[in-house]
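A, B, ... follow the sequence lines: proteins, then strands. Residue 1 opens every chain. Given the structure is predicted, the values throughout are model-derived calculations rather than measurements.
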Number of protein chains: 2
Amino acid sequence: MNQSGMRGDRRISPPDPPSLAERIRLEMDAFTPSEKRAAHLLLSHYPFAGLDTVAEFASRAGISAPSVLRFVTRLGFSGFPDFQKHLRGELEAQLLSPLAKSGPSDKGQGAPALASFAEAVIGNLQATVANIAPAEFGAVVELLSDPRRQIHFTGGRFTGALARYAESHFRIVRSHVNFIEGQPALWRDRVIEIGRRDVIVAFDIRRYQEDVTALCETAARQGATVVLLTDPWLSPIARVARHVLPAHIVAPSNWDSSAGLLLLTEALIAAVTKRLWDTAKPRMEAVERLRNERS
Amino acid sequence: MNQSGMRGDRRISPPDPPSLAERIRLEMDAFTPSEKRAAHLLLSHYPFAGLDTVAEFASRAGISAPSVLRFVTRLGFSGFPDFQKHLRGELEAQLLSPLAKSGPSDKGQGAPALASFAEAVIGNLQATVANIAPAEFGAVVELLSDPRRQIHFTGGRFTGALARYAESHFRIVRSHVNFIEGQPALWRDRVIEIGRRDVIVAFDIRRYQEDVTALCETAARQGATVVLLTDPWLSPIARVARHVLPAHIVAPSNWDSSAGLLLLTEALIAAVTKRLWDTAKPRMEAVERLRNERS
DNA sequence: GAAAAGCTGTATCAGAAATTTCAAGATCTG
DNA sequence: CAGATCTTGAAATTTCTGATACAGCTTTTC
C-alpha cells in the first residue's frame, strides 16, 4: 500500500518542531471512534477548535466532554488547560516566525498519493485560469444571466455528473434551466423544441462522446447558442460552439481530472448568482423555506 | 454563542475589519493608568497575551484582575470570555486567509472573479490535503479495493452529482458498484439488502440532508461500513461513519465549493485503480472496445 | 454464544476562573 | 487644603469549567 516514489519531494521547510497535528495524523489509526471524531474536528480547524471550552469542543465534535478529556490525556497532556497551552504556544511560534508562512501546515510526509495528486490538480487549476480569456468567461456569465433564455446542461459519461451539478445550482438561481440526459433516445423528441432562444452548456472531454456532439450540432443548426467546457484539445463540439472554456485535465492517474471543469462551473455559478442576486435571493430563500418546512 | 466566527460565514470582501489592536491604539489616551498597562501588554504580545486567564494577564501587566476586567468591559465586550472569543476570531481570520488579503477586490466581473475564486479554491484544496489523515485515506482505499464488497454511492441535492461521478468511474474499475438516489422512496426497498459486506460512500455537506443521513443510519444499523465525504463541520452521518474525509468548502460565493470533495474522489479513484490494476485494466479495455464497436 | 474487555455518555463533584463588592488610596477641583 | 471624584486592589461571591466515577452498551475474544 505504500506507493512510494512519486514526486512531491518539494519539502523546503526544515524539520520544524513536530506539530501536534502531525502526531495526531500519525496516531490516527490507534484512536477509538470518538477520539477520531475529536481528532478530525481539531485537524479541520487546527488549532482553533481546541481553544474553546471542553463542552464546546465536545459538542462540535459530536461527542461527550469526557471523551474529549480522554482524547487530550491520550495525547500526553496532563489536562485540557495544558493542551490549550500547547496549542497557543504552537500558534504563537508559527505566527511570529515569518518563515512558517507557506501554509497552515503542509508538514509531514502526508499521504504521498493524495498529496502529489493534489499538487497536480492544483497545477491544472492554475493553468486553466491562466488560459481562459477573461472576455470569454464574462460573455458566458452574461449569457447565463439572461433570464429570457432557456438553459440546457448536458455532458458525457463522466462529465454528465458535472452538468448535473451545474444544473442543480442554476435551477435554484434562475428559471428555465434543465438537464438533458446523454442518451440520444432520451432527447430526440425534446431537441425539436430547441431554438434561437436556447443555450446549451455542454461538458465534454477526451474520449469525446458522439451523442453529445450530435446533440450540440443539432441544437446549433436550429439556432441555439452552444457553450462548451472541454479539455485543451477541444472536443469536436468546439466547431459549433459560440464560447469555449478549456480546462487542463491531466493528472497522475489512469483517469483525467475534472477539477478544472468543476472550478469553471462553480465560478460561473458564483458569478451568475451575484449578477442575478436581486432575483436569485428570493428564490434561494424560498428553497430554504421549503427545506425547513419539510423537516 | 452566536458571535461571529463560529460558522463559516466569512465575509467576502470586507474593508478589513478594524483590528481590535488598532482601536486600542486610538483610544489609548483615554485610558486610565492601569488600563494603559493592560493595553501595552496586549499590544506588545498581540493577541496571545489576551488568551491566557485573567489572573495571568493581570499578573503580567502588573495590575489586578478587576482592572483587567474593567479594561475589556471598556472595550465593549460583555466579559472576558467574550473578549477572548473575539481575539481567537481575529487570529483565525488572519491565519487562515493569507490569500484573501492579497487580492484588492473582485468587484469587477469576468476574469478577476475567476482568478480570485480559483485562488480560494486552491486554498481549499491545500487545506483539505493538509488535514486528511493519511491512514484514513489509505484505509478507505483499502476498503474500496476489496472486490468482495458491494459499494454504494449516494449524496444530497448537490453532492449527488459527485456521488454519480464517483460511481461512473468505479463502475468501470471494479464490479459490485452502484448508485443510490437520494429520495427515500427510491431506496426504501433496496436498503433491506444492505448488510455487513456493503460499503456506503456518502457525500454530504452543509445543509445536511436528512434523507441521506437516514439512509446511512439504516445501513450502518444493518452492519454496513459507512464512508463519509463531508465538510469540516462534519455531517451528522459522521456519527455512524467508519471513515470520515473532510474537505474545505468555503468560497467567495453564495455557494459552497465542492472542489475539495472532487479532489478526494478523484484521488480515491486513482488510488483504487492502481491498487486493482490487474483486474481494472482488462475491464477498462473492454469498455473501450465496446465504445469502438458501437461507432 | 457467553464472557471479557473496551468505549462512551450521564450524572456529579471539586476547583478554578470570572465577576462583583467595597473600602482605601490617588487625583483633581475650587 | 478639604471635599468630591475617580481609580484601584483585596476579598467575597458566583458562575462555569474541567475532571471523575460509574453504569450501559458495543465489540472482541475464546
Side-chain angles (χ1 to χ4, degrees), chain A residues 27-42 48-88, chain B residues 1 3 27-42 49-88 139 143 195-197 216-226 234 236 238-244:
Chain A
E27 292 180 36
M28 185 66 84
D29 291 335
F31 290 152
T32 70
S34 60
E35 282 170 347
K36 278 185 185 152
R37 298 252 185 86
H40 276 300
L41 173 63
L42 180 59
F48 301 98
L51 296 179
D52 258 309
T53 65
V54 169
E56 180 74 13
F57 187 92
S59 154
R60 287 224 276 163
I63 58 179
S64 70
S67 292
V68 175
L69 272 301
R70 283 186 282 260
F71 173 65
V72 301
T73 302
R74 192 183 214 293
L75 291 175
F77 298 100
S78 67
F80 202 74
D82 186 31
F83 166 71
Q84 290 190 318
K85 189 164 229 157
H86 177 90
L87 288 183
R88 284 205 306 269
Chain B
M1 134 180 345
Q3 196 72 350
E27 294 181 35
M28 183 68 85
D29 292 336
F31 290 150
T32 70
S34 63
E35 280 171 350
K36 277 184 186 158
R37 305 185 81 172
H40 278 128
L41 172 64
L42 180 58
L51 296 178
D52 259 309
T53 66
V54 170
E56 180 74 14
F57 187 92
S59 154
R60 286 225 278 161
I63 58 179
S64 72
S67 293
V68 175
L69 270 302
R70 282 187 282 262
F71 174 64
V72 301
T73 302
R74 191 183 218 292
L75 290 174
F77 297 101
S78 69
F80 202 73
D82 187 31
F83 166 71
Q84 290 190 318
K85 192 162 231 161
H86 176 89
L87 289 182
R88 286 204 306 267
L143 195 62
R196 221 157 265 290
R197 273 281 162 80
C216 291
E217 282 172 349
T218 305
R221 210 174 308 122
Q222 296 179 14
T225 303
V226 176
L234 304 188
R239 293 174 170 284
V240 298
R242 177 81 57 91
H243 301 291
V244 179

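- The distance from atom CZ of R37(A) to atom P of dG9(C) is 8 Å, rounded to the nearest whole Å.
- A salt bridge links R88(B) to D52(A): one of the charged nitrogens lies within less than 4.0 Å of a carboxylate oxygen.
- In this structure a side-chain-to-backbone donor-acceptor pair under 3.5 Å is missing from R60(B) to L41(B).
- Rounded to an integer number of Å, the gap from F71(B) CZ to dG9(D) C1' is 18 Å.
- Side-chain contact check for M28(A) versus H40(A): some heavy-atom pair is nearer than 4.5 Å.
- Applying the ring-ring contact (aromatic ring centres under 6.0 Å, His included) rule to F31(B) yields the partners F71(B); only residues at least two apart in sequence or on another chain are considered.
- Within the structure, a side-chain polar atom (N or O) of S34(A) is placed less than 4.0 Å from OP1 or OP2 of dT8(C).
- The side chain of T32(A) places no N or O atom within less than 4.0 Å of a non-bridging phosphate oxygen (OP1 or OP2) of dG6(C).
- The listed nucleotides are dG18(D), dT8(D), dA18(C); the one nearest the side chain of F80(A) is dG18(D).
- When atom types are taken as modelled, the side chain of Q222(B) and the backbone of R196(B) share no donor-acceptor pair closer than 3.5 angstrom.
- Listed in residue order, the members of residues 50-65 of chain B having a heavy atom less than 4.0 Å from DNA chain C are T53(B), V54(B), A55(B).
- Only one option out of L69(A), L51(A), V68(A) pairs with F57(A) in a side-chain contact (heavy atoms from CB on, under 4.5 Å); it is V68(A).
- For T53(B), the side-chain contact (heavy atoms from CB on, under 4.5 Å) partners are A55(B), E56(B), not counting sequence neighbours.
- Whole-Å rounding puts the F31(B) CZ to dT8(D) P distance at 12 Å.
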Checklist entry - Does the side chain to side chain contact (heavy atoms under 4.5 Å, CB included) test come out yes or no for K36(A) and V244(B), once each step is laid out? => result CA-CA 9 Å; K36(A) 278 185 185 152; V244(B) 179; over 6 Å; no
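- Applying the salt bridge (charged side-chain N to carboxylate O under 4.0 Å, His left out) test to pairs two or more places apart or on separate chains, those with a residue in residues 66-76 of chain B are E35(B)-R74(B).
- What separates CZ of F83(B) from P of dT19(C) is a distance of 11 Å, to the nearest Å.
- Atom CD in Q84(B) sits about 13 Å away from atom C1' in dC16(D), given to the nearest Å.
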Would you tabulate the pairs of protein nitrogen or oxygen atoms and nucleotide nitrogen or oxygen atoms of nucleotides 21-29 of chain D closer than 3.5 angstrom?
none

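- Taking both residues in full, the closest heavy atoms of A58(B) and A65(B) are given as CB-N, 3.6 Å, listed atom of the first, atom of the second, then distance.
- The P81(B) side chain lies nearest to dA18(C) when the options are dT8(C), dT7(D), dA18(C).
- If you take CG of L69(B) and C1' of dT21(C), they are 13 Å apart, rounded to a whole angstrom.
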Next on the checklist: Quick one, R242(B) with T225(B), criterion side chain to side chain contact (heavy atoms under 4.5 Å, CB included). Give me CA distance, side-chain angles, the key distance, then yes/no.
Outcome noted: CA-CA 6 Å; R242(B) 177 81 57 91; T225(B) 303; 3.7 Å; yes
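- Over its full length, the helix from dG1(C)-dC30(D) to dG30(C)-dC1(D) turns its helical axis through 30°, comparing axes from the five pairs at each end and rounding to 10°.
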